[in-house]
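Quick note: numbers below take in every heavy atom, side chains included, and nothing from hydrogens, waters or symmetry partners.
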Amino acid sequence: MPFLGQDWRSPGQSWVKTGDGWKRFLEEQSHFISDINSYCNTERNKENMLNNLNYDIAVKKRRKDLLNNNTKIQYLHQEKWIYVHKGSTKERHGYCTLGEAFNRLDFSSAIHDSRKFNYVVRLLELIAKSQLTSLSGIAQKNYMNILEKVVQKVLEDQQNIRLIKELLHTLYTSLCTLVQRVGKSVLVGNINVWFYRMETIVDWQHQLNNIQITRPSLKGTTLTDLPLSLQLNIMQRLADGRDIVCLGQVSSDLQVLSEDRLLWKKLCQYHFTERQIRKRLIISDKGQLDWKKMYFKLVRCYPKREQYGQTLQLCRHCHILSWEGTDHPCTANNPESCLVCLSPQDFINLFRF
């Protein structure tokens, strides 16, 4: 196609711009200008598409950098309940994995509720033992964020210290085993991040070991001021034998009460079945059952009975998981009859397909 102003003559031919020639000339120039405009629009569209693509990539990178650099911000919003169903798939309802449930249920607020605290800690311990590799990267980060809040709460309140020490020991032991298997897609994320997390756990352990328990400044009636019958009644409400032993070290009177045979017998019968007890009988030098020694032997052989102020609950009618006492949209005539309380182990088993 000739360019604008080009001489319209074939080689060896003289050409005169007559009326028809001008008409043909203008038509050719019009087509040429249209082609130029079309080409420019195409290049402009390509440039816009490239700019949009670069913008999207930059936005995603900024979001990723923000998430990686500020691990204390929970990326997913928290919900009061979620829908789960063992017979469905992730494509069907979207939230059937342990990691998704852990992200979306409000565990951060639950640790500040004394009725839910032990439940959350036990759940964290079970995940540390065997479920870390089943969590997504965001869920693992959320796990560490919640654990940090738990440690900070214990350091401030100076309560449940032994419970959190055991949790950190379990987690650190599991991580030591998992990082040795690097290269086998065991842990999600950079291995250096996990080494940093292990260093953080060791630092938390040092803080808990060096914590100084401050005596309350309030003056009034103390435990040792109460009658011995009330002191024994309080001891009988302790569900952990180690707490009874520690309490017996406070005074000589409490030491005597902590050796009460009936106290340890009730504790054994609370945590273990008659069949389990019969398999672990221990006779003392006086020819009597040594319930205290039997308790600690039974603890090493069988799991103790778990008790919690509040637990997660599952509605068998609509398959909705929520905290106990939380309302959820249920179509059953009697929603309360459809609720089943879940132990921490039941919660984990709910997501095993």
Indicate the ring-plane relationship of Tyr295 and His271, choosing parallel, tilted or perpendicular according to the 30° and 60° boundaries. tilted
Under a 4.5 Å cut-off applied to non-hydrogen side-chain atoms, are Trp204 and Glu148 in contact? yes
Residues Leu123 and Pro344: closest non-hydrogen pair is CD1-O, 3.9 Å
Restricting to non-hydrogen atoms, name the atom on Ile277 and the atom on Cys268 that form the minimum distance, rounded to 0.1 Å. CD1-O, 3.9 Å
Are Phe347 and Val340 connected into the same hydrophobic cluster when the rule is that any two of I, L, V, M, F, W, Y join if their side-chain heavy atoms are below 4.5 Å apart? no
Would you sort out whether Leu267 and Trp291 count as a side-chain contact (heavy atoms from CB on, under 4.5 Å), showing the intermediate values? CA-CA 9 Å; Leu267 192 61; Trp291 289 101; over 6 Å; no
Going only through I, L, V, M, F, W and Y residues with side-chain contacts under 4.5 Å, is there a path from Leu298 to Leu263? yes
Leu175 vs Ile201 side-chain heavy atoms within contact, under 4.5 Å: yes
Establish, from distance only, whether the side-chain atoms of Asn118 and Arg122 form a donor-acceptor pair under 3.5 Å. no
Find out whether Val154 and Ile211 are in side-chain contact, i.e. whether some heavy atom of one side chain is under 4.5 Å from a heavy atom of the other. no
More than 12 heavy atoms from other groups under 6.0 Å of NZ on Lys265: no
Which distance, rounded to the nearest 0.5 Å, do you find between the CD of Gln231 and the OG1 of Thr224? 6.5 Å
Just checking, any donor-acceptor pair under 3.5 angstrom between side chains of Asp225 and Thr222? yes
What verdict does the side-chain contact (heavy atoms from CB on, under 4.5 Å) test give for Val84 and Leu314, after you've listed the backbone C-alpha separation in whole Å, the side-chain angles of each residue and the deciding distance to 0.1 Å? CA-CA 9 Å; Val84 293; Leu314 179 68; 3.9 Å; yes
Linking I/L/V/M/F/W/Y whenever their side-chain heavy atoms sit closer than 4.5 Å, directly or via other members, would Phe296 and Leu281 fall into one cluster? yes
Looking at side-chain heavy atoms only, is the closest gap between Leu163 and Leu167 below 4.5 Å? no
Common cluster, Leu155/Leu171, ILVMFWY with side-chain heavy-atom separation under 4.5 Å: yes
Under 3.5 Å: donor-acceptor pair, side chain of Arg316, backbone of Ser337: yes
So which atom in Leu132 and which in Gln140 form the shortest heavy-atom distance, rounded to 0.1 Å? O-NE2, 3.0 Å
Would you indicate whether the side-chain heavy atoms of Met294 and Phe272 approach each other to under 4.5 Å? no
Please answer: with hydrophobic residues joined when any side-chain heavy atoms are less than 4.5 Å apart, are Leu238 and Leu228 in the same cluster? yes
Heavy atoms only: give me the nearest Leu208-Lys165 pair and the separation to one decimal. O-CE, 3.7 Å
For a 4.5 angstrom cut-off between non-hydrogen side-chain atoms, does Val202 reach Met198? no
Quick one: pull up OH in Tyr143 and OG in Ser136 and give me the separation to the nearest 0.5 Å. 14.0 Å
Not counting sequence neighbours, list each pair that qualifies as a salt bridge (charged side-chain N to carboxylate O under 4.0 Å, His left out) and has a residue in residues 317-345. none
Does the Thr311 side chain pair with the main chain of Cys341, one donor and one acceptor, at a distance under 3.5 Å? no
Gap between atom OG1 of Thr177 and atom OH of Tyr172 - 0.5 Å precision: 11.0 Å
With side chains defined as the heavy atoms from C-beta onward, is the minimum distance between Trp194 and Leu178 less than 4.5 Å? no
Are side-chain heavy atoms of Phe107 and Val150 found at a separation under 4.5 Å? no
Filter on ring-ring contact (aromatic ring centres under 6.0 Å, His included), then keep only pairs touching residues 114-142, sequence neighbours left out; what's left? Tyr119-Tyr308, Tyr119-Trp323
Should Ile164 and Leu168 be marked as a side-chain contact (heavy atoms from CB on, under 4.5 Å) after you check the CA-CA gap, both sets of side-chain angles, and the distance that decides it? CA-CA 6 Å; Ile164 306 307; Leu168 294 178; 4.3 Å; yes
As a quick check of understanding, evaluate side-chain contact (heavy atoms from CB on, under 4.5 Å) for Val121 and Ile111, giving each step before the final call. CA-CA 8 Å; Val121 172; Ile111 63 176; over 6 Å; no
More than 12 heavy atoms of other groups within 6.0 Å of Asn333 CG: no
Heavy-atom pair of closest approach, residues Ala110 and Val120: CB-CG2, 3.8 Å
How many angstroms lie between CG in Asp253 and CD in Gln255, if you round to the nearest 0.5 Å? 10.5 Å
Drop me the distance from Ser174's OG to Lys129's NZ, to the nearest 0.5 angstrom. 8.5 Å
CD1-CD distance between Ile161 and Glu166, expressed to the nearest 0.5 angstrom: 12.5 Å
Tell me if the OH atom of Tyr196 is crowded by more than 12 foreign heavy atoms within 6.0 Å. no
Correct closest heavy-atom pair for His319 and Tyr83 would be O-CD1, 3.4 Å
I'd like to know whether NE2 of His112 has more than 12 heavy-atom contacts from other residues, nucleotides or ligands below 6.0 angstrom. yes
Carefully, step by step, assess Gln205 and Asn209 under the rule side-chain hydrogen bond (donor to acceptor under 3.5 Å, both in side chains). CA-CA 6 Å; Gln205 290 175 322; Asn209 290 333; over 6 Å; no
